[in-house]
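Letters go in sequence order (proteins before strands), and every chain restarts at 1. This one's a predicted model, so the numbers in the text were calculated from it and none came from an experiment.
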2 protein chains.
Amino acid sequence: MARIGLREVASRAGVSIKTVSNVVNGTGSVTTATRERVEEALAALDYRPNLAARHLRRGSSGLIAVALPELTQPYFAELAAELVRAAKARGRMVLLSQTEGDEEAERALLEGRDLPVLDGLVLSPLALDAPALRERVDRSPLVLLGEHVGDAVLDHVTVDNCAAAADATAHLLSLGRRRVAAIGAQDSGPNETAVLRLEGYRDALRAAGVTYDERLVATVEQFHRPDGAAAMARLLELPEPPDAVFCFNDALALGALRTLAVRGLRVPRDVAVVGVDDIEEATYTTPSLTTIAPDKQALATAAIDLLLRGGAAAGLPPQTVTVPHRLAVRETTAGPTPSPTADLLPPTAGSHPADGPTPSPTADLLPPTAGSRPAPDPEEQP
Amino acid sequence: MARIGLREVASRAGVSIKTVSNVVNGTGSVTTATRERVEEALAALDYRPNLAARHLRRGSSGLIAVALPELTQPYFAELAAELVRAAKARGRMVLLSQTEGDEEAERALLEGRDLPVLDGLVLSPLALDAPALRERVDRSPLVLLGEHVGDAVLDHVTVDNCAAAADATAHLLSLGRRRVAAIGAQDSGPNETAVLRLEGYRDALRAAGVTYDERLVATVEQFHRPDGAAAMARLLELPEPPDAVFCFNDALALGALRTLAVRGLRVPRDVAVVGVDDIEEATYTTPSLTTIAPDKQALATAAIDLLLRGGAAAGLPPQTVTVPHRLAVRETTAGPTPSPTADLLPPTAGSHPADGPTPSPTADLLPPTAGSRPAPDPEEQP
DNA sequence: TTGAAAGCGCTAACAT
DNA sequence: ATGTTAGCGCTTTCAA
C-alpha cells in the first residue's frame, strides 16, 4: 500500500493537485461542489500530508525545541509539562532535550546543530553564560528561561528571584526567627539565580535589621536533595545553629527536612523551612513545605508566546517577561507538626484554596484534594 | 545573509554538489585532498544541512515520538529522562507529547495525525485498550510501554507487574503483618496494570495462607497522591484497620504516608508501607519508602532498541521485553522511625549501596549521597 | 476558480 | 573519484 499523496487524491477527485492543496490548507477559493468532492477523496484515501515536504517548502516546521537541564528535577518536569501544553495550544509540537548541564550540549542546541528545522528554541541555560548566549548564530527565535542579569539583549522570561528570596526570608523573620540560614549559594558557575536569591536573602535581613552572618550561608554544588541534606547537617554543627532556613529551591529544602527529621529536630518548632519552586511534592511532605510558588503556567505561556512572536529574528526588541510568584505558606513555617489531634486532614473534601499573589498565612495547609484540579487520568504502566 | 546550501559550499570548494554531500555524509569516496578543501568550505560557510530536505528525501527523520500520560508524575518524568537519553545515544531526538489520558490524543498519535515524519512512536497508553491499539493504521514502528495481557500482537516492554506486586506483598507478610491492605485497584478503564498488581497481591496472600479480605482493597480513581491519601483514610476507618499497605505506585504510597503521619500513626511500627516505581522522592521522604524498583534505564533502552529494530513495519514478529525489578527496602518497612539517636545520616559520606536484584533488608536505608551517581549539574532557573 | 510548472535542499541513480 | 540528473511531496508563482 503506497503512500497517499496529493497526486492520488487529486486524480481520484478529478481535480488538480493545487485544488487539493487549497482544500487541505484552506487557502485560495474553492467551489463548495469541488471542495466536497475533494474532501470525500481525502477521507476515502485517508490522506495525511507529508510534513517533511511541507516544511521543506514552507521553511517552518511547527516544532519548538525545549531544552532543560534535567527532567528528573520535578521543577523542570512540571515546567516541561506546561510548555508542552502551551505549545500544543498554539499548534506546535515540542522537541525535548536534556542538556544535563553539559556546555557542549547547550552550545549545539544554540547553533541548531543536528536539529530539524525549528520554529524556535526555549532554553534553560546552565553551563552557558551571557556572553556565550549572545554569540548565538542561528536565527530561529530563542527564549531563555530564568533571570539573566544585565542581559537585555535576549528574550527571556523569569520570576523576580531577588524579590522571591526576600519574600521567603521576610516570612521567616516575621515568625520571630533571628538566626535565618540560607542554603543554595554557589561558589562558581554562571548561576545568576543563586546570586539573585542570595541577594534577596540579604536584602530581607537588612530590611529587618538583622545582621548578616556569613556562617549561616551554606554553599552547594547542585540544587539537589543530597546537597540540601548535607548543607543542613553542616549548619546544625554550628555553635549557634539556625532556627530557620531559606533554601534556594524545594529540592534543597526537602533534603534539609530529611536531615532535620533524622536528627530529631521538630519543624517548624525548632527550625522553620522555606523553599522555592512549589513542586507538587512540597504539598505532600510531612510537614508540608512552605515555598515560593512561581506561576509556572504563566511562565510557559509567556515563553511560547514570546517565541512565536518571532523575537530578534523578526526584528523585535528583546523582551523580558517577569511572571508573578506568591508565598505558599504550609506546615514548615506555620502549621502544627503532625499530631494525633490533627484532623486538618484527611484530604478528602473541600477544595484547594486559590490564594492570590499576596501571602495568606492560613492558606495551603492542606494538600489539594483529588478533585481540585482538572487533572487527567494518568495511571501507571511501568 | 542567505541560507547556506550544498550549492554554495560546492561552488566555493570548486567541486560538485554530490561531492559535498558525500563528505557531509561520509558516503562514496573522496580524495583526501578534495575532502579537505570541502571541509574547509563547509567550516568557512558554517554549513548546516536542512534536515527537512534530508528527511523528505530519505523518508526518515531521526525523530522518535514519546507519548506519556503526564510529565508531572515523577515516574513518567524519570522514564522520559531515560528515553531521551537512550534516544540520544542512538542519534535520535525525542518529540514529546503528553496524552493526559485523553483517548482522542492517543488515537491522533497512533494515526500519526499532525506529526512530522517519525522513525517511531513509544506510547504509554492509558485510555486506549488492546483492540484499539491493534487497529493502528500508521506503519511507523510502535512500542508500547506497560503490560498488556493477551496482546502478543504489538511490541511492548514492561516489568512483570504480577510478580512485582507479589514480591511487595510477600515482603510485608514476611514482616509478620497479617492485615495487609492494597491501594490502587480500579473499577473501570482498561488499566491492565492495576489488574495485574491486584493479582500479584492476591497471589502472595494465597502463598502465605492469608485469607483475602475484600475490605482491605481500596479502589482509586487515579494513581495520584490525593487518591492514596483518601484511600488510606478510608482503610483506617475499618473496624480492624490494616497493619500494612501495598500501594500500586509510589505516588499512592506517598499520599498514604501523609495521611498516616497526620493521624499520628507510626510507620512502620503501626503500619508498614510499600510502593512501586522507586521514584527519586521515595528515598527522601521521612520515613523513606520501601518500593519495587523497576529498571527504568533498561526499560528505556529496550523500548528505543525495539523501535529502531523496525518492528512489524520491518516484518518482524512482535516482541515482549520484560525488564527486571528489585525490592528496595527502606524505612517504611524496616528502618527505625527517625529518632534523635539516629546518626544513620547525615547523608554526607559513603556511597549508595548497589543492591542486586535480590531483596537485601539492610540496604537502601540511606539516601544516595551527592556523589553516588554520575549526575550532571542541574541547578535552578525559574 | 482552477491548472501547470517551478523549485524548496537534499540524496540516489546513473554517468563519466 | 567526481559530476549530472531526477525526483522526494509539497506550496507557490503565474496563466488560463
Rounded (10°) bend between the five-pair end axes of the helix from C:dT1-D:dA16 to C:dT16-D:dA1: 40°
Heavy-atom check, side chain of B:D155 versus side chain of B:L316, under 4.5 Å: no
Side chain proximity check, A:S61 to A:D119, heavy atoms < 4.5 angstrom: yes
Min side-chain heavy-atom separation B:L71-B:L96 under 4.5 Å: yes
Nucleotide D:dC10, atom C1' - distance to CG of B:N50 in whole Å: 14 Å
Side chains of B:I4 and B:R48 in contact at under 4.5 Å (non-hydrogen atoms): no
Sequence-aligned protein contact record of nucleotides 11-16 of chain D, with B where the base is within under 4.0 Å of a protein heavy atom and S where only the sugar-phosphate is: BB----
Residues B:E82, B:R85: salt bridge by 4.0 Å N-O rule: yes
Comparing B:L56 and B:T34 on DNA chain D - which has the more 5′ nearest nucleotide: B:T34
N or O in side chain of B:T19 less than 4.0 angstrom from D:dA1 OP1/OP2: no
Lys/Arg-Asp/Glu bridge criterion (N-O < 4.0 Å) met for B:R12, B:E8: no
B:D102 CG to B:S97 OG distance, which is reported to the nearest 0.5 Å: 12.0 Å
Heavy-atom contact window of chain A on DNA chain C, given 5' to 3' at under 4.0 Å: C:dT1 to C:dG9
Within-4.5 Å side-chain heavy-atom neighbours: B:L308 and B:I64: yes
Test log, rule side-chain contact (heavy atoms from CB on, under 4.5 Å), inputs A:V24 and A:V9: CA-CA 11 Å; A:V24 171; A:V9 180; over 6 Å; no
Nearest non-hydrogen partners of B:A303 and B:V143, listed with the distance: O-CG2, 3.7 Å
